[in-house]
Amino acid sequence: MNVASADNYNFAYLDEQTKRMLRRAILKALAVPGYQVPFAPREMPMPYGWGTGGVQVSAACLVPEDRLKVIDQGADDTTNAVSIRKFFQRVAGVATTETTTEATVIQTRHRIPETPLKEDQILVYQVPIPEPLRFLEPRETETRRMHALEEYGLMHVKLYEDIARHGEIATAYAWPVMAEGRYVMTPSPIPKFDNPKLSDCPAIQLFGAGREARIHALPPWTKVVSLDFEDHPFQASKADHACEICGSCESYLDEVITDDQGGRMFVCSDTDFCSTRSNAQQSGAA
Amino acid sequence: MNTRPEAAPLLSVRGLAKYYGTRIGCTDVSFDLWPGEVLGIVGESGSGKSTLLSCLAGHQQPDRGEIHFDGRDLLAMSEPERRRLSRTEQAFVHQNPRDGLRMGISAGGNIGERLMAVGARNYGQIRETGLDWLGRVEIAGARIDDRPSAFSGGMQQRLQIARNLVTAPRLVFMDEPTGGLDVSVQARLLDLLRGLVRDLGLSVVLVTHDLAVVRLLAHRLMVMKSGQVVEQGVTDQVLDDPQHGYTQLLVSSVLQV
Ligand SMILES: Nc1ncnc2c1ncn2[C@@H]1O[C@H](COP(=O)(O)OP(=O)(O)OP(=O)(O)O)[C@@H](O)[C@H]1O
Ligand SMILES: [Mg+2]
């Protein structure tokens with residue numbers, strides 16, 4: 001059945017027993033949105049910082065017919081994205097793509113694609129720290145109890161401290177959210193600009209943390225609310241510029257240093273979104 | 001003085017016992033605490049004061065006995081219910097403020113935590129309440145964004161009290177609240193506590209080994225020895241006319257000082 005394309009790996013590197021264990025964890029995570037399900041992580045042929053959690057979740061989801069896209073900070077062409085894509089090409093032989101609309105599985109680090117996702121897609125996040133309460137409460141036994149009893153006051157203490165210190169909630173990444181009115185979870189370090197895309201998303205969203213051995217998930221159409229105060233409401237924000245390549249005013253921008261004279265420009269962080277737009281503009285102009 | 005307008009005790013304890021293996025922590029403890037009443041618990045080191053207090057506050061499970069709070073059976077409560085109660089209608093002031101404060105969080109955040117835990121979601125109001133409580137415990141409002149680590153021991157203890165009282169609990173447990181403080185700092189804290197207890201109509205179970213503290217704060221007194229209550233009654237009566245030999249010893253050893 002699942003024959004690997006190259007070498008002597010099982011399809012998608014992991015053995016079937018391990019994938020079954022991961023799938024059980026994923027199904028449980030989908031059944032309880034935002035709840036962190038422990039799993040027994042496997043040694044992967046890459047270091048932890050490279051998204052071993054996401055890679056294991058992707059490996060458990062992939063089937064031979066899949067078309068995989070991998071992005072890192074929105075880009076398909078960074079070392080991290082390229083090597084994970086190559087890894088799955090080699091050990092699963094699946095087709096790959098850089099086009100969001102063509103992908104069936106998208107593994108991501110730190111972004112949600114600009115192009116709206118669809119119902120038959122799976123978005124797999126690489127997660128460094130899955131526990132949003134960790135910063136305030138180092139004891140695992142205590143954070144588990146807090147989740148179990150919905151004692152989330154401490155989350156707002158963190159936001160309070162932000163406002164007291166900076167005049168506003170200074171959190172720019174990994175802004176904590178409440179999933180379906182029950183579990184507080186981290187969306188992984190995506191910019192807060194992406195938070196609204198978490199909610200009512202048609203695609204399946206899976207979050208894998210390798211070092212911490214946790215999976216959490218958002219099934220399609222889950223209601224996801226960013227935590228805030230009445231008088232300091234959550235606001236998705238981005239740099240107040242247009243992309244200097246495609247001209248988009250709606251997409252999330254990276255500030256790129258262009259030379260050593262202090263020159264800089266703002267460009268889309270989502271490379272597929274940007275090139276699709278500029279190609280359309282060129283063919284339209286031609 | 002001992003007027004009791006309320007018909008039922010706020011806290012009712014019967015036959016409470018806690019063992020550490022074969023060693024007695026406390027045993028056969030029974031008493032009623034009425035609304036607005038301060039009960040002092042005194043006794044030598046190892047007599048079971050902290051053990052009793054931690055059982056009452058739900059930090060430890062007693063081996064025997066009953067505890068009713070406002071008519072509710074505390075030992076039959078589910079954990080979420082019990083924890084909610086301990087954040088709203090009850091409070092615990094630790095001897096060491098470090099055990100009762102979040103040292104990495106500002107004074108305002110410390111006071112606001114219980115409010116946010118019970119659903120407060122308006123930053124401006126949380127901050128206003130924080131300022132109000134800093135004032136009530138005599139800490140300058142300008143210190144609201146400072147961390148407790150920048151406070152003196154006395155200030156930390158006052159902050160811990162503010163943090164506990166902000167949700168208007170009805171019952172406060174205190175374990176040696178003036179313990180680690182200088183005498184002059186102690187006196188100021190005692191005055192403050194006395195005012196708060198009176199103004200807020202708090203019921204308090206106060207553990208101390210300092211008879212001067214109970215004389216000042218406690219309406220009633222319970223004397224413990226080897227895990228058992230050897231004498232209880234109105235504070236002045238117990239201190240001025242102790243019946244039990246151990247209490248007589250305790251009182252006379254203090255008077256000699
Ligand atoms: N965690 C524990 N494990 C075993 N024995 C304990 C424990 N805590 C207290 N004890 C024992 O229970 C008895 C009562 O101790 P407890 O701490 O309640 O006394 P205390 O009156 O609060 O003393 P102190 O005035 O020194 O604080 C003592 O014999 C003590 O050694
Ligand atoms: Mg003690």
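First the proteins, then the strands, lettered A, B, ... as listed; each starts at 1. In this text, all values refer to a predicted model and were calculated from it rather than measured experimentally.
Residues of residues 191-205 of chain B never come closer than 4.5 Å to chain A when only heavy atoms are counted. Heavy-atom proximity under 4.5 angstrom to chain B picks out A:Ala164, A:Arg165 from residues 164-176 of chain A. The interface of residues 72-79 of chain B with chain A, defined by heavy-atom distances below 4.5 Å, comprises B:Glu79.
Looking at B:Arg102, the atoms closer than 4.5 Å to chain A (heavy atoms on both sides) all sit in the side chain, from C-beta outward. Contacts of A:Leu154 with chain B are made by side-chain atoms alone, with heavy-atom separations under 4.5 Å and no backbone atom involved. Only the side chain of B:Asp145 comes within less than 4.5 Å of a heavy atom in chain A; its backbone stays farther off. Proximity to chain B is limited to the side chain of A:His232, based on heavy atoms less than 4.5 angstrom apart. When heavy atoms are compared at a cutoff of 4.5 Å, A:Leu136 approaches chain B by way of both its backbone and its side chain.
Aromatic ring orientation, B:Tyr123 versus A:Tyr160: tilted (interplanar angle from 30° to 60°).
The heavy-atom pair separating B:Met116 from A:Val157 by the smallest distance is SD-N, 3.6 Å.
The environment of NZ in A:Lys238 is crowded: more than 12 heavy-atom neighbours from other residues, nucleotides or ligands sit within 6.0 Å. Around CD of B:Glu138, the count of heavy atoms belonging to other residues, nucleotides or ligands within 6.0 Å exceeds 12. Summarising the local packing, CZ of A:Arg182 is surrounded by more than 12 heavy atoms from other residues, nucleotides or ligands at distances under 6.0 Å.
Every residue two or more places apart in sequence or in another chain that forms a salt bridge (charged side-chain N to carboxylate O under 4.0 Å, His left out) with A:Glu255 is listed here: A:Arg264.
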* Full working for side chain to side chain contact (heavy atoms under 4.5 Å, CB included) between B:Arg84 and A:Glu151 -> CA-CA 9 Å; B:Arg84 193 169 312 120; A:Glu151 292 182 358; over 6 Å; no
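The pair A:Glu161-B:Arg127 fails the salt-bridge criterion, with no side-chain N (NZ, NE, NH1 or NH2) lying under 4.0 Å from an Asp/Glu carboxylate O.
The line from CG of A:Asp231 to CD1 of B:Ile126 is 8.0 Å long, rounded to the nearest 0.5 Å.
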